[in-house]
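Note sheet for the following structure.
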Amino acid sequence: MKIQALSLILAAALSVAASAQGQLPMPIPEPPRPAGQTDMVAFAAAPIDTVRVGFIGLGMRGPSAVARFTRIPGAKVVALCDIDSASVARSQEILSKAGAPAAAGYWGSDTAWRALAERPDIDLVYIATDWKTHAPMALYSMERGKHVAVEVPGAMTLDEIWALIDTSERTRRHCMMLENCVYDFFEMNTLHMAQEGLFGEVLHTEGAYIHNLRDFWGRYWNNWRLDYNREHRGDVYPTHGMGPACQLLDIHRGDRMTTLVAMDTKPVVGPADWERLKGEKPERFLNGDHTMTMIRTANGKTIHIQHDVVTPRPYNRMYQLTGTKGFANKYPVEGYSFEPEQLPEGAVPDHEDLNAHGFLSAEQQKALVERYTHPIVREVGEVAKQVGGHGGMDYIMDYRLVYCLRNGLPLDMDVYDLAEWCSLVPLTALSLENGSAPVAVPDFTRGAWRKISGYRHHYK
């Protein structure tokens, strides 16, 4: 029996028992690690002097990634694939304008990508297709000896998550999710401040994906994204909020998520968007307009995640940190607040004139950021702004991927980050479908979360 199906059966059977026992979390099966495999925590592959890349999916996200890779030292675009030959041609033009050689092209069917993954002259397969194809393509590519970088979310079910973990562990190939928001300048600088101890002990983090997609629905191939919201309930796009929140809390680097509870509103705007786009009312529309998730960790920390892609709320990834000695907030206003003794002498003007009930002044915040700019931002921040991609964070994401592969370093995000951040998709559905019952979050590292203490980027 498949793990996801078993989870659903367990959820239904245990929901009443959980209520009777004070809402104990629904247990979710954790399959044992196959014999002969070891974990991928802090795994580093052999260095690759020139990272040869094949791109699958050249619709919305793929072409800009191709363009960025022409600007990354030590990267070479070898192959391009899309169902639509015109999309391949447009990306070939990107290479030509950048002075790069033409890449091998694949198109014409929904299996053309397999020939790309089978090429012996590719080190990294970069997947930028729809959500439903991410895991199958990543699995196939790792089985053929390739490292994999896959767009978000990297997996949509527990079956897919465990398959990606087991395949990565067995093949000893990286499986990294392309979560760009962890490379936002504010997020990176705040993470650096947290690692330097400015916030004291970080107790609570928040994140979200709140983005009205009304003007974008029609741009998704075969309406796959709105259709997914119609057919599924829960936080179906959690990783932009989860990534930064989990890095701040050292998830699977000394702590791990243990329990999750989700709540949602009824669907109102979502079905209206469907009717406006398709010209007919949907027979059903499962996903609520607004979904909220609360998570507790083994060390007693909490995370709050939200999802809303239909209401007219302004764009917001939440990004909030509450520590014992400080606070950070990105939306709707960027700001920091600290206990005065947390800031070293000379770190900000008017050091003793900090108001714990308000943010630092603009002058104080500027001085703070200048002192605690993340080393990676210092290194490539200006180049990233020039190349672009969500203000530069896309470039830093791709640059760091290639940098780590070239230098034989652990990647900034591993297969367990993918698993943990994507697990909200199936686990929030289980919680919602059982009256917002608590759900246990599996230990996707199978005990390896204690191996290292604290999240850190690696450098040569």
Side-chain angles (χ1 to χ4, degrees), residues 37-57 62 64-81 91 94-95 98-104 106 113-128 134 137-151 154 164-165 167-180 182-183 375-376 379-380 383-384 387 389 394-418 456-460:
Q37 293 187 187
T38 57
D39 67 81
M40 296 287 284
V41 173
F43 170 76
I48 304 171
D49 183 60
T50 299
V51 180
R52 301 165 298 176
V53 189
F55 289 85
I56 305 175
S64 58
V66 173
R68 291 193 300 273
F69 267 74
T70 66
R71 303 286 300 274
I72 298 175
K76 180 181 180 181
V77 179
V78 172
L80 303 168
C81 179
S91 287
I94 292 173
L95 296 177
Y106 299 88
W113 58 271
R114 293 179 182 173
L116 180 150
E118 292 164 1
R119 290 180 64 101
D121 59 346
I122 287 179
D123 305 300
L124 172 69
V125 174
Y126 195 107
I127 302 167
H134 286 172
M137 290 178 176
L139 292 167
Y140 192 89
S141 299
M142 283 190 287
E143 292 285 7
R144 276 132 194 95
K146 309 299 188 285
H147 298 298
V148 171
V150 57
E151 268 292 352
L164 289 170
I165 292 171
T167 303
S168 179
E169 291 180 350
R170 175 169 48 80
T171 63
R172 312 312 286 172
R173 290 295 178 266
H174 289 295
C175 183
M176 188 189 102
M177 188 164 59
L178 293 161
E179 180 42 70
N180 57 354
V182 299
Y183 297 101
I376 294 173
E379 178 191 2
V380 296
V383 174
V387 176
D394 289 0
Y395 177 82
I396 297 179
M397 173 183 70
D398 293 336
Y399 170 85
R400 281 292 299 177
L401 170 58
V402 173
Y403 174 92
C404 291
L405 289 175
R406 293 188 72 200
N407 290 285
L409 299 171
L411 302 189
D412 295 344
M413 294 172 280
D414 61 24
V415 70
Y416 308 113
D417 292 310
L418 182 156
R456 293 295 186 273
H457 296 88
H458 294 269
Y459 307 92
K460 64 181 179 181

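Using a distance-only test at 3.5 Å, with no hydrogens or angles considered, a donor-acceptor pair links the side chain of Ser168 to the main chain of Arg173. At least one donor-acceptor pair closer than 3.5 Å links the side chain of Asp39 to the backbone N or O of Val41. The backbone N or O of Ile127 lies less than 3.5 Å from no partner atom in the side chain of His134, so there is not a single donor-acceptor pair. A donor-acceptor distance shorter than 3.5 angstrom exists from the side chain of Lys146 to the backbone of Ala117, with no hydrogens or angles considered. Using a distance-only test at 3.5 Å, with no hydrogens or angles considered, no donor-acceptor pair links the side chain of His147 to the main chain of Asp123. Formation of a donor-acceptor pair under 3.5 Å by the Thr70 side chain with backbone atoms of Ala67 is found in this model.
Between Thr167 and Cys175 the shortest side-chain heavy-atom distance does not fall below 4.5 Å. Residues Asp398 and Asn180 are not in side-chain contact: their nearest non-hydrogen atoms beyond the backbone lie 4.5 Å or more apart. The closest side-chain heavy-atom distance from Leu418 to Val150 is below 4.5 Å. Inter-residue side-chain proximity for Leu405 and His174 is flagged as met; some heavy-atom pair is nearer than 4.5 Å. Put simply, the side chain of Met177 does not reach to within 4.5 Å of the side chain of Asp417, judged on heavy atoms. The closest side-chain heavy-atom distance from Phe69 to Val51 is not below 4.5 Å. With contacts defined as side-chain heavy-atom distances shorter than 4.5 Å, the pair Ile48/Leu124 does not qualify. Taking 4.5 Å as the limit, some side-chain heavy atom of Arg172 sits within range of a side-chain heavy atom of Met40.
For the residue pair Arg68 and Tyr126, the shortest heavy atom distance occurs at NH2-OH, 3.4 Å. When every heavy atom of Val402 is checked against every heavy atom of Pro73, the shortest pair comes out as CG1-O, 3.6 Å. Of all the heavy atoms in Ala42 and Pro410, the pair that sits closest is O-CG, 3.5 Å. Smallest separation of non-hydrogen atoms from Gly408 and Ala44: O-CB, 3.2 Å. Considering every non-hydrogen atom in both Ala79 and Ile122, the closest pair reads CB-CD1, 4.0 Å. Contact record, Leu411 with Cys404: CD2-CB, 3.5 Å, taken as the closest heavy-atom pair.
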Item to complete: Decide side chain to side chain contact (heavy atoms under 4.5 Å, CB included) for Met137 and Val125; before the verdict, give the C-alpha distance in whole Å, the side-chain angles of both, and the deciding distance to 0.1 Å.
Response: CA-CA 9 Å; Met137 290 178 176; Val125 174; over 6 Å; no
Practice prompt. Check the pair Ile376 / Val380 against side chain to side chain contact (heavy atoms under 4.5 Å, CB included), numbers first and verdict last.
Written response: CA-CA 6 Å; Ile376 294 173; Val380 296; 4.2 Å; yes
Worksheet item: Which is it for Leu80 and Leu95 under the side chain to side chain contact (heavy atoms under 4.5 Å, CB included) test, yes or no, and what are the steps along the way?
Response: CA-CA 11 Å; Leu80 303 168; Leu95 296 177; 4.0 Å; yes
Practice prompt. Might you work through the side chain to side chain contact (heavy atoms under 4.5 Å, CB included) test for Met142 and Leu164, ending with a clear yes or no?
Written response: CA-CA 9 Å; Met142 283 190 287; Leu164 289 170; 3.9 Å; yes
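Arg114 is linked by a salt bridge (Lys or Arg N to Asp or Glu O under 4.0 Å) to nothing, counting only residues two or more places apart in sequence or in another chain. Every residue was checked against the salt bridge (Lys or Arg N to Asp or Glu O under 4.0 Å) condition with Glu118, not counting sequence neighbours, and none meets it.
Taking the six-membered ring for Trp and thresholds of 30 and 60 degrees, Tyr395 and Tyr399 have nearly parallel ring planes, at less than 30 degrees apart. Ring pair Trp113/Tyr140 is perpendicular by interplanar angle, where above 60° counts as perpendicular and below 30° as parallel. Taking the six-membered ring for Trp and thresholds of 30 and 60 degrees, His457 and Tyr183 have ring planes inclined between 30 and 60 degrees apart.
A distance of 11.5 Å separates SG of Cys81 from CZ of Arg119, quoted to the nearest 0.5 Å. Atom CD of Gln37 is separated from atom CZ of Arg170 by 6.5 Å, given to the nearest 0.5 angstrom. To the nearest 0.5 Å, atom CZ of residue Arg406 and atom OG1 of residue Thr50 are 6.0 Å apart.
Both tests pass for Arg400 against the ring of Tyr459: distance under 6.0 Å to the centre and angle within 45° of the axis.
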